[in-house]
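Source: prediction; values computed, not measured. Lettering follows sequence order; numbering is per chain, from 1.
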Protein chains: 2
Amino acid sequence: MSLACETCAVRESAACSVLDHDEREALSKAGRTRELTRGEVLFAAGDEDAACATLVTGALKVCSYDEDGNERILALIHPSGFIGEMFAPFAAHDVVALTKSTLCVFAKADMQRALDDHPKLTRALLRRSQEDLYWARQLLALGSGRSATEQVGTFLLALAQAASDSPCHPSQRFELPLTRGEMASMLGLTIETVSRAMTTLEKQGAIRRHGARGIELVDPARLEGSV
Amino acid sequence: MSLACETCAVRESAACSVLDHDEREALSKAGRTRELTRGEVLFAAGDEDAACATLVTGALKVCSYDEDGNERILALIHPSGFIGEMFAPFAAHDVVALTKSTLCVFAKADMQRALDDHPKLTRALLRRSQEDLYWARQLLALGSGRSATEQVGTFLLALAQAASDSPCHPSQRFELPLTRGEMASMLGLTIETVSRAMTTLEKQGAIRRHGARGIELVDPARLEGSV
DNA sequence: CGACGCCTTGACTCAGGTCAAATAACGTGG
DNA sequence: CCACGTTATTTGACCTGAGTCAAGGCGTCG
């Protein structure tokens, strides 16, 4: 199936947005769309010749598992994000859908060719990769020094940011794309600790909860520096 | 000062190794070498127009600080590693020398131009960036589930790997490039905990210590799965 | 020799993990 | 729409691993 770039939700923001119309048209012939439902695995760690993909709608998680099978989430992918190591012989981590998602998938070899043909594209991916690196390091820094409640607070703020379409304002009310367990495994905490942290934040008046997933930011400033 | 690419220690492995002789010669005109001693700051977080650099000899750390001024090390840079966000308006983190180091430094604008001129170079940096991302995520995964002793053990193994010149065998005996405090801040632990973990590992017969920094791997297998 | 910085060790504390149970949200089929 | 089973979330009680505080050892450099 060919791709409908014209109606693509991330036409303006994905890596391929740096291509002009004809180039993009050519690239789209090599790709195909794919839909995933929550929990479906896009790539599994160790896959040889895993493909590459741009996320169009939905959300993905990148995760690894320790020897007891406990999941650790290493990154979230939001729309217009790119996944796939073009240079490694096999995938390093699992990539799994958090919600119903739409992707634009390319075989590794086709992507390699596209990189050769379009330096602009390579450059765009380099930029994206450096941003991913930045976020991975932010997540690393988040773990340090702070109490569990602070970590959860900061993380909620980051999710609010991501949930918002406007670039720098967090959305004031949003639905968590993650279960408690997933939040816990991003922060290296337990489900219970995350749950308690949310209760604490609500008692402090920093947030209000609406059902299990709905979050309203009441006092965002307090999220950064609490307890 | 111009660069002596001919005698460069990382001539074969750094990003610029993908350039042919003339291209490299041209690039070297834009760069200059710089020497750092332990503790010297290469870039500080927030620097506008921070440059880019390839590490030739020595070792660097990438770090951030929490509001109490505690350092958190986010990454180590080894020879032939590349540092510098070409696309961000300012540096995200501090980069500091761990040991006497030699670098090959380029102004951001010159590097941008080089990327435009040499798609090969962009590609090489993309590859490197993806590797950095992989290592950042490995460090993230290391924190999860494991006891302090396991973390230190795994980390020592990684350092042994890095200290070795051969690609896949850890060096059997090496000197730690990091103080206890720096190890602690990479793992999100305290100095005391790291020290106790090393004592435990030695008691278990996994390692032997030679002075404060010398490490001999006695039973590497035990480092991965201990206590 | 003395001072300073780094490392180790011990005693004590506490944040967060573990175990267990109650409650709330959700989906499914009748 | 409701009853029910399933899964996610919250809460409580208790325990432990790692942090904190404090002291002492070891090297190194001036």
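The side chain to side chain donor-acceptor pair (under 3.5 Å) test applied to Ser144(B) returns no partner, not counting sequence neighbours. A search for side chain to side chain donor-acceptor pair (under 3.5 Å) contacts involving Ser80(A) returns nothing, not counting sequence neighbours.
Here the shortest heavy-atom pairing between Asp94(B) and Ala45(B) reads OD1-N, 2.6 Å. In terms of heavy atoms, Ala160(B) sits closest to Phe174(B) at CB-CE2, 3.5 Å. The heavy-atom pair separating Leu74(B) from Leu140(A) by the smallest distance is O-CD2, 3.6 Å.
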Quick one: which protein N/O atoms are closer than 3.5 Å to N/O atoms of nucleotides 9-12 of chain C? Pair and distance per line, please.
| residue | atom | partner | partner atom | Å |
| --- | --- | --- | --- | --- |
| dT9(C) | OP2 | Thr199(B) | OG1 | 2.6 |
| dG10(C) | N7 | Arg196(B) | NH1 | 3.0 |

Distances for protein N or O near nucleotides 25-29 of chain C N or O, under 3.5 Å:
none

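The footprint of chain B on DNA chain D, defined by a heavy-atom cutoff below 4.0 Å, extends from dA18(D) to dC21(D).
Counting heavy atoms from C-beta outward, Leu76(B) and Leu159(B) have side chains that approach closer than 4.5 Å. Looking only at side-chain heavy atoms (C-beta outward), Asp47(B) and Phe90(B) stay at 4.5 Å or farther from each other.
Spacing between atom CG of Leu98(B) and atom C1' of dC6(C) amounts to 16 Å, rounded to whole angstrom units. Residue Leu189(B) contributes atom CG, which lies 16 Å from atom C1' of dC7(C) at whole-angstrom precision. Between the CD1 atom of Ile207(B) and the P atom of dC7(C) there is a distance of 14 Å, given to the nearest Å.
Put simply, the side chain of Arg180(A) gets close to the backbone of Ala212(A): a donor and an acceptor are under 3.5 Å apart. The backbone N or O of Asp66(B) lies less than 3.5 Å from no partner atom in the side chain of Arg146(A), so there is not a single donor-acceptor pair. Checking side-chain atoms of Thr99(A) against main-chain N and O of Ala59(A) turns up a donor-acceptor pair under 3.5 Å.
Over its length, the helix from dC1(C)-dG30(D) to dG30(C)-dC1(D) turns its helix axis by 50°, as judged from the five terminal pairs at each end, rounded to 10°.
Within a 6.0 Å sphere centred on CD of Glu48(A), heavy atoms belonging to other residues, nucleotides or ligands number 12 at most. Within 6.0 Å of the NE2 atom in His169(A), the count of heavy atoms belonging to other residues, nucleotides or ligands does not exceed 12.
A salt bridge between Glu182(A) and Arg38(A) is present, with a side-chain N of the basic residue lying under 4.0 Å from a carboxylate O of the acidic one.
Using a 4.0 Å heavy-atom criterion, one finds that Gly188(A) contacts the sugar-phosphate atoms exclusively.
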